[in-house]
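Remember, predicted model here, so these are calculated numbers, not experimental data.
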Amino acid sequence: QEGMPTLPVKQQQEFHRALFEEHALVFGNIPGPAEEVFVFGQQVRALQVVFQTLIPHVFALSLNGMIYMNMVADPDVLPEVETLPNFFIQELAELGVSFGVAGDPV
């Protein structure tokens with residue numbers, strides 16, 4: 001964007017290469033608007049982030065008091081990728097219990 005400071009392209013490329021070489025997963029959280037959002041007169045009811053790179057990504061995005069999450073992974077690299085969401089939900093439930101929050105995380 002105009003007026004926004006950015007790194008030179010070579011440094012951007014080096015940063016991203018180093019990031020993906022050193023990590024097995026990227027987790028991102030994006031705080032969205034706390035209120036209803038309308039686009040072309042229609043209410044936006046949910047949001048998702050899809051970002052394809054060489055390693056899996058998990059994103060959490062909030063909108064109007066709700067949190068939406070997804071995972072982007074290559075099934076050729078993670079052949080049992082469909083099992084991960086259930087494990088993730090189990091871990092969220094256990095995390096909630098450890099903080100005194102009961103209920104279904106879904």
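With hydrogens and angles ignored, the 3.5 Å screen pairs a side-chain donor or acceptor of Ser62 with a backbone N or O of Gly32.
Within 6.0 Å of the CD atom in Glu21, the count of heavy atoms belonging to other residues, nucleotides or ligands exceeds 12. Summarising the local packing, CZ of Phe99 is surrounded by 12 or fewer heavy atoms from other residues, nucleotides or ligands at distances under 6.0 Å. In the displayed structure, Glu80 atom CD is contacted under 6.0 Å by at most 12 heavy atoms of other residues, nucleotides or ligands.
For the atom pair CD (Glu14) and CG (Leu7), the distance works out to 10.0 Å, reported to the nearest 0.5 Å. In this structure, the separation between CD on Gln12 and CZ on Arg17 is 14.0 Å, given to the nearest 0.5 Å. Note: Leu47 CG to Met66 CE = 12.0 Å, rounded to the nearest 0.5 Å.
Of the residues Asn29, Ile67, Val49, Asn70, the one that meets the side chain to side chain contact (heavy atoms under 4.5 Å, CB included) test with Leu61 is Val49.
Transitive grouping of hydrophobic side chains (ILVMFWY, heavy atoms separated by less than 4.5 Å) keeps Val72 and Ile30 in distinct clusters. Hydrophobic clustering (ILVMFWY, side-chain heavy atoms < 4.5 Å, transitive): Val97 and Phe88 are in distinct clusters. Taken together through direct or relayed side-chain contacts under 4.5 Å among Ile, Leu, Val, Met, Phe, Trp and Tyr, Val101 and Met69 form parts of separate hydrophobic clusters. Both Leu78 and Val58 are members of a single hydrophobic cluster when ILVMFWY side chains are connected at heavy-atom separations under 4.5 Å.
The two residues Leu63 and Glu35 have their closest heavy-atom pair at CD1-O, 4.1 Å. Looking at every heavy atom in both residues, Arg45 comes nearest to Tyr68 through O-OH, 2.8 Å. Of all non-hydrogen atoms in Leu25 and His57, the two that sit nearest each other are CD1-N, 4.3 Å. In terms of heavy-atom proximity, Glu82 sits nearest to Pro79 at OE1-O, 3.7 Å.
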